[in-house]
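The structure appears right after this line, and notes come after that.
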Amino acid sequence: MNLVVTGGRGFIGSHFVELVLQKGCKVVDIDKMTYASSNSLPFDSNPSYSLIKKDICDLEHIPPCDAIINFAAESHVDNSIAGPTTFFNSNTSGVFNLLELVRGKVYNKPLFFHISTDEVYGDIRGTDSVETDVLNPGNPYSASKAAAEMFVLSYSRTYELDFIMTRSSNNYGLRQYPEKLIPQIIYCLENNKKIPIHGDGSYIRDWVDVKENVKAIYHLLLHGEKNEIYNISSNNHLTNLEVVQQVCQWYNIDDYMQHVEFVPNRLGQDTRYSISSDKLKATGYKTQESTGLKRFK
């Protein structure tokens, strides 16, 4: 299979590229090489991999492929609050440009596989969000991702452009930039710094191992129904303080609270995300549900 991957030097994208190369796919990676992109990756010398350094907003041509998988995005919520324009440009305008390029292909239009986030649902209390729920984004990051989804859906209906879309819960694992919670905890512990935690640390997220997430994405690429949306989750709900506690256990630290510094809430803080993966399971994929965080090296 010939794939174009956008954002393949980023956290989730790089794990996906690594997986599909192992499966025998050929990959053309289009990456802007932002601060969160990896300059060196295990597959750099793979003859089936090539890199185009380009912003998806400025892209003028999509190489021939069976599918384009769009990981390219700005993703840190705090940054979106401080500078939302960058997020609109990358996450919304960039997707619009990709869709226009796919629409302009006269022959052999590739499948448009769009990677979104559970944050588009907003706060959810006492139940799980499903793919048909109304979107209720609570910050500029999730709003830019929700807007991109609307463009994908509209292009499918208007121009008969085939897509698959995934919304995954919080990913963690190797190569994640230190601005995110788990690598930030690790950085603070290894550099004798206090771990900044928003509010009282009670905010709940569902944490999925990035390798499990990309396995599910690859499964859907092969077996998912076209023009459908799928949630990817692991039923691994933890408060931010529980995340701190578990990472501290990796370092044999019992009194984790002595390493915590509470900081003011971010604006528009969502208290809980939770999504159902029943639709993904119905495709024959066995989700890897877990309790707690797996240590990675």
Side-chain angles (χ1 to χ4, degrees), residues 2-22 25-65 67-102 110 112-117 140-142 144-145 147-148 151 166 168 170-184 186-187 210-211 213-214 217-218 221 296:
N2 293 321
L3 303 178
V4 168
V5 175
T6 67
R9 310 292 296 186
F11 170 48
I12 303 176
S14 67
H15 284 277
F16 179 79
V17 170
E18 193 168 22
L19 173 64
V20 296
L21 287 172
Q22 292 169 1
C25 297
K26 293 184 177 180
V27 176
V28 176
D29 182 5
I30 300 170
D31 198 297
K32 181 181 176 181
M33 298 303 292
T34 68
Y35 71 95
S37 300
S38 295
N39 290 315
S40 177
L41 287 165
F43 49 78
D44 283 341
S45 60
N46 191 313
S48 295
Y49 173 81
S50 61
L51 172 65
I52 298 173
K53 295 182 182 180
K54 192 82 173 179
D55 188 332
I56 59 171
C57 293
D58 302 325
L59 196 65
E60 298 173 342
H61 170 71
I62 294 176
C65 61
I68 175 169
I69 299 90
N70 179 42
F71 290 93
E74 296 285 342
S75 65
H76 190 47
V77 174
D78 288 348
N79 290 347
S80 81
I81 294 169
T85 301
T86 301
F87 284 69
F88 175 79
N89 290 340
S90 179
N91 299 356
T92 308
S93 294
V95 172
F96 171 77
N97 186 48
L98 292 175
L99 290 168
E100 278 287 273
L101 293 174
V102 173
F112 191 85
F113 199 121
H114 182 61
I115 309 301
S116 193
T117 170
Y141 162 63
S142 55
S144 69
K145 296 293 285 186
F151 275 108
T166 59
S168 65
N170 279 37
N171 279 230
Y172 73 98
L174 285 175
R175 300 197 288 268
Q176 192 170 29
Y177 197 74
E179 67 192 359
K180 303 292 186 168
L181 179 59
I182 291 176
Q184 185 177 69
I186 293 170
Y187 172 82
V210 65
K211 292 185 181 296
N213 184 35
V214 299
I217 292 170
Y218 180 67
L221 179 63
F296 53 88

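Quantities reported herein were computed from a predicted structural model and do not represent experimental measurements. Both backbone and side-chain heavy atoms feed into the values below; hydrogens, waters and symmetry mates do not.
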Pair Tyr177 + Phe11: ring centers closer than 6.0 Å: no

Got a sec, which residues hit ring-ring contact (aromatic ring centres under 6.0 Å, His included) with [X], two or more places apart in sequence or on another chain?
{"X": "Phe112", "answer": "none"}
{"X": "Tyr172", "answer": "none"}
{"X": "His114", "answer": "none"}
{"X": "Tyr218", "answer": "none"}

Side chain to side chain donor-acceptor pair (under 3.5 Å) involving Asp44 - partner list, sequence neighbours excluded: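 In terms of side chain to side chain donor-acceptor pair (under 3.5 Å), with neighbours along the sequence ignored, Asp44 is linked to Arg9.
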
Applying salt bridge (Lys or Arg N to Asp or Glu O under 4.0 Å) as the test, list every pair that has at least one member in residues 77-102; sequence neighbours left out. Asp78-Arg266, Glu100-Arg103

Taking all heavy atoms of [X] and all of [Y], pick out the closest pair and write down the distance.
{"X": "Leu41", "Y": "Gly8", "answer": "CD1-O, 4.1 Å"}
{"X": "Asn97", "Y": "Cys57", "answer": "ND2-O, 3.5 Å"}
{"X": "Ile62", "Y": "Leu98", "answer": "CD1-O, 3.9 Å"}
{"X": "Pro63", "Y": "Ile30", "answer": "CD-CD1, 4.3 Å"}
{"X": "Cys25", "Y": "Ser48", "answer": "O-CB, 3.7 Å"}
{"X": "Leu19", "Y": "Val214", "answer": "CD2-O, 3.6 Å"}

I'd like to know if Lys145 pairs up with Glu74 as an ion pair, taking the criterion as any Lys NZ or Arg NE/NH1/NH2 lying under 4.0 Å from an Asp or Glu carboxylate oxygen. no

Among all residues two or more places apart in sequence or in another chain, which pass the side-chain contact (heavy atoms from CB on, under 4.5 Å) test with Asn39? Met33

With sequence neighbours excluded, what pairs up with Asn79 under the side-chain contact (heavy atoms from CB on, under 4.5 Å) test? Tyr35, His76, Phe87, Glu179

Could you give the distance from CD (Gln176) to OG (Ser75), rounded to the nearest 0.5 Å?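 The OG atom of Ser75 is 8.0 Å from CD of Gln176, to the nearest 0.5 Å.
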
To the nearest 0.5 Å, how far apart are CG in Leu59 and CD1 in Ile52?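 If we round to the nearest 0.5 Å, Leu59:CG and Ile52:CD1 are 7.0 Å apart.
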
How would you list all residue pairs meeting side chain to side chain donor-acceptor pair (under 3.5 Å) that involve residues 81-94, not counting sequence neighbours?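 Those involving residues 81-94 are Asn91-Ser144.
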
Under the salt bridge (charged side-chain N to carboxylate O under 4.0 Å, His left out) test, residues paired with Asp29 that sit two or more places apart: none

Qualifying residues under salt bridge (charged side-chain N to carboxylate O under 4.0 Å, His left out), relative to Lys211, sequence neighbours excluded: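 With neighbours one apart ignored, the set is empty.
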
Residue pairs passing the ring-ring contact (aromatic ring centres under 6.0 Å, His included) test where at least one lies in residues 45-65, sequence neighbours excluded: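 Sorted pair list: Phe43-Tyr49.
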
